[in-house]
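I have placed the structure first, in the form of C-alpha cells, so that the comments after it can refer back to it.
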2 protein chains.
Amino acid sequence: MSIQKIARLAGVSVATVSRVLNNSESVKEKNRERVLKAIAESNYQPNLLARQLRTARSSMILVLVSNIANPFCAEVVKGIEEEAEKNGFRILLCNTGSDMARSRSALNLLSGKIVDGIITMDASSRLPELATLIGNAPWVQCAEYADDGDVSCVGINDVGAAQCVIDRLLARGCQRIALINHDLSYKYARSREEGYHSGLKAHQCEYAFVKYASDLSFSAGKAAMQALLRHTERPDAVFAVSDTLAAGAVLAIHEAGLKMPQDIAVVGFDGTELAEMVTPPLTTVYQPSKEIGRKAVGLLLNKIDNPEAPAERIMMDWQYISRASA
Amino acid sequence: MSIQKIARLAGVSVATVSRVLNNSESVKEKNRERVLKAIAESNYQPNLLARQLRTARSSMILVLVSNIANPFCAEVVKGIEEEAEKNGFRILLCNTGSDMARSRSALNLLSGKIVDGIITMDASSRLPELATLIGNAPWVQCAEYADDGDVSCVGINDVGAAQCVIDRLLARGCQRIALINHDLSYKYARSREEGYHSGLKAHQCEYAFVKYASDLSFSAGKAAMQALLRHTERPDAVFAVSDTLAAGAVLAIHEAGLKMPQDIAVVGFDGTELAEMVTPPLTTVYQPSKEIGRKAVGLLLNKIDNPEAPAERIMMDWQYISRASA
DNA sequence: CTGAAAGCGCTTACAG
DNA sequence: CTGAAAGCGCTTACAG
C-alpha cells in the first residue's frame, strides 16, 4: 500500500496526498476529505523509510547504554524519553553490554541515517574508536565524559562527590576505608578514585585499598566485598561507586556475620531506589538522574538544529544522603 | 557521500560498488580493490534507509517493554538480544511505560517498515487496539498472552505456579494469605490471581484479600503492603506477583516492626537477582527469563521467514525457590 | 489550490 | 564479469 494507490483511490495526485499527510499548505477541503477517506478505507500507513530518505530527518535518537538493568541507567533513560517525547523525538535504546562489536553495529543506525543523533552512556575510553564512526554526527555523552572537550556531555563533579564521601566517613571515625570501583575505562570511575585518594590524603590517612568489581552488578559487588573481607587489615568502611555494587557488599557483610555500620560502614552512589531496598538502607550520593537525561536531550537537539555549535559541558548538583548504613 | 561518488572515485559503475558492498557474485579482484580503496579513503557509510527501502528488509526487530527498569524485563531483553544477535538481527527497545500513545508511536516503526517484526511484553488487554495497527506483521508476545490464539507467545503456566505458592504457604501453616497483584489488564495478573483463588479453594481456605499495586515498582509494593497491614484481619503471609513488589512489601513489614517469616511470610515472583538482595532473601517463583526471550526471537524469526505459519504457544518450566522469607 | 517531475541512495534483473 | 536503467515510496520546488 503506497501513496500512489491512495492517490488513485482518491482521484488526486500523489502530491496532494502527501500534502494532507503532512497537513501542510492549503488543500481544498473536498480533496482532503477524499484522501482521508481513501486512507481510512485502505488502512494505509506511510513508509517511514521513504519519508526519511527523502527528508533526511528521522526525529529519532539512539541511546547507547552499557547496561539497562542498572537502575541508575534506567532512570537516566526515563529522563531522556520524557524530554525527547516533549520535543517530538522518539528514542531507540541499544544495550551494548559494553561490547565493542555491538556498539559498532548500533552505530550503523547513525551512519546509516536511521537516527538523527546519539546519546552514549558508555565508557569514554572505549569511545575513541567509536568517535571516528560517529564523525561529526550530533552526539552527547551522558553521565560520562571524554577527556578532551570536543563532545558535549552532562554529569556531576565526581571528584568532589567522592571526596565528600571520604570526609564524612573519616568524620564518623572510620580509619580503614576501602573503595569498590568499576572498570577504569570509565572516566567517572577514574574521577571517583581520584576523589577517594585526595580525600584520604587531605586527612593524612594512610590506609587505602581499591578493589575493582568485574562489572556493575550485585554479584560483582558481593564478590568484591568478600575479597575485601579476606584482607588482613579488614576495612571498617567501604565506599562503592554504585548502589548496585553496594547492595552486593551489604549481602557479603551480612553473610560474614558483621554489623553495619558498627563493624563496617557502607556508602553507595547514584541515589537509586535500590539504596532504600536493602537492609540497612544505604547512605549514598544522589545524582539527579532524570534531569541528567533531560539535559542530554537538550544538548543533542541543539546540536541537531545547529551542527556548528561548539560542544557544551553541563555539571549538575549532587547530594549526600545519609541513611543507616553509614 | 553516496554510492555514486564511490563509483566515480573508483572508476566503476554503481552496480559494481553495490556488489562489493554486499560481497555478492564475482567482482574482478582489481575492481574490488579499487572500490574498497575508494570507500576507505572517503570514509563512506552506506545509507541504510535507502538499502532497506529497496530490499524491504531491515534485520531489526522492535521490542516493546512496559518498564525496562524491572529486573525481570531486563533479563528477558538480554535473552532477546543474544538470540537476535546470533541470527544477524539487531533489536530496538522501546520503553512504553504502558502508555498507549507511546506504544502507538513505537508501532509506526513497524508499519513504517523500519523493523521486520515485533516482540511485546505489554498488557494483552491493551493490545487489541494495537493489534489492528500491527495487522499481519510478524509479532510475538513475551511473558504475556492474548486470550485468543492467533498470535504467538511464550511464557509459563501462571495459574499453576500461583497455586503452588499457595500450597506451600498453607503447608507451612499460614492461614491468612494476601495477594499483591498487578493491574488486571495483564493476562498474567489475571492468571496468577486465578491460581491464588483456586489454591485457597482447594484447601477450603476462606480468607482471601487482594491488593492491587499501582504499578510494578518497589514503592507501589510498599504502599500495597502498608494497606494490607492496616487491614483489621492482618495477613500472616503475602504473595506478590513480582520480586520488585515483594521487595517493597519487605520494607513495609520491616518498618512495621514485624518479623519475616514468623509474623508474615513473603513470597515473590520472577526469581530475579533482586530476590537475593533484600533481607531476608525472598522465596520466589523462578522464571527462565533469558530463555523466554530467546524462544520469543525464535518464534518471531520463523514468522518473518514464513509469514503464513500458524501462531505457536510455548510454555516454559518454572521453579519454586525456597529462601528465608517463607 | 494542484499536478508532473525530479530526486533521496540504494539493489537487482537484464543485456552484453 | 560489468553497466545502464528501473524502481522502492516518499517530498518538494516549480509551473500553472
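Computed over heavy atoms, backbone and side chain alike; hydrogens, waters and symmetry mates excluded. Numbers restart at 1 for each chain; the letters A, B, ... are given by sequence-line order, proteins then strands.
- With rounding to whole Å, A/Lys30 atom NZ is found 12 Å from C/dT2 atom P.
- Of the N and O atoms on the side chains of B/Thr120 and B/Trp139, at least one donor lies less than 3.5 Å from an acceptor on the other residue.
- Here B/Asn22 reaches the OP1 or OP2 of C/dT11: one of its side-chain N or O atoms lies under 4.0 Å away.
- Rounded to a whole Å, the CD1 atom of B/Ile6 is 9 Å from the P atom of C/dC10.
- D/dC10 atom P lies 21 Å from atom CZ of B/Arg51, rounded to whole Å.
- Phosphate proximity of C/dT2 to A/Thr16: absent, as no side-chain N or O sits under 4.0 Å from OP1 or OP2.
- In the set C/dT11, C/dA4, C/dC10, the nucleotide with an atom closest to the side chain of B/Tyr44 is C/dC10.
- If you find the closest nucleotide of DNA chain D to B/Lys28 and to A/Val14, the one lying nearer the 5' end belongs to B/Lys28.
- At a cut-off of 3.5 Å, with distance as the only test, a side-chain donor of A/Ser105 or B/Arg90 sits close to an acceptor on the other residue.
- Shown here, D/dA13 forms no base pair; nothing in the strands shown gives a Watson-Crick or G-U wobble contact with both key distances under 3.5 Å.
- Taking 4.0 Å as the cut-off between side-chain N and carboxylate O, B/Arg102 and A/Glu81 count as a salt-bridged pair.
- There is no side-chain donor-acceptor pair under 3.5 Å between A/Asn31 and A/Thr16.
- Rounded to a whole Å, the CD1 atom of B/Ile3 is 14 Å from the C1' atom of D/dA5.
- Look at CD1 on B/Ile114: it is 12 Å from P on D/dC10, rounded to the nearest Å.
- You'll find that the side chain of A/Ser18 is closest to D/dT12, out of C/dT11, D/dG3, D/dT12.
- Each of C/dC10, D/dT11, D/dG3 was ranked by its minimum atom distance to the side chain of B/Pro46; first place goes to C/dC10.
- Rounded to an integer number of Å, the gap from CZ of A/Arg8 to P of D/dG9 is 11 Å.
- Closest contact between the side chain of B/Arg54 and the listed nucleotides C/dT2, C/dT11, C/dC14 involves C/dT11.
- Within the 4.5 Å cutoff, the side chain of B/Leu92 has no heavy atoms near those of the B/Ile61 side chain.
- Here C/dT2 is the nucleotide among D/dT11, C/dG9, C/dT2 with the atom lying nearest to any side-chain atom of A/Asn31.
- When each of A/Leu48 and B/Gly11 is assigned the nucleotide of DNA chain D with its nearest heavy atom, B/Gly11 is the one assigned upstream, toward the 5' end.
- When rounded to the nearest whole Å, the span between NZ of B/Lys5 and C1' of C/dC10 equals 14 Å.
- Taking only side-chain nitrogens and oxygens, B/Ser13 comes nearer than 4.0 Å to OP1 or OP2 of D/dG3.
- One can place CZ of B/Arg19 at 11 Å from P of C/dA13, the figure rounded to the nearest angstrom.
- Going from the P atom of C/dG9 to that of C/dA13 covers 23 Å, rounded to whole Å.
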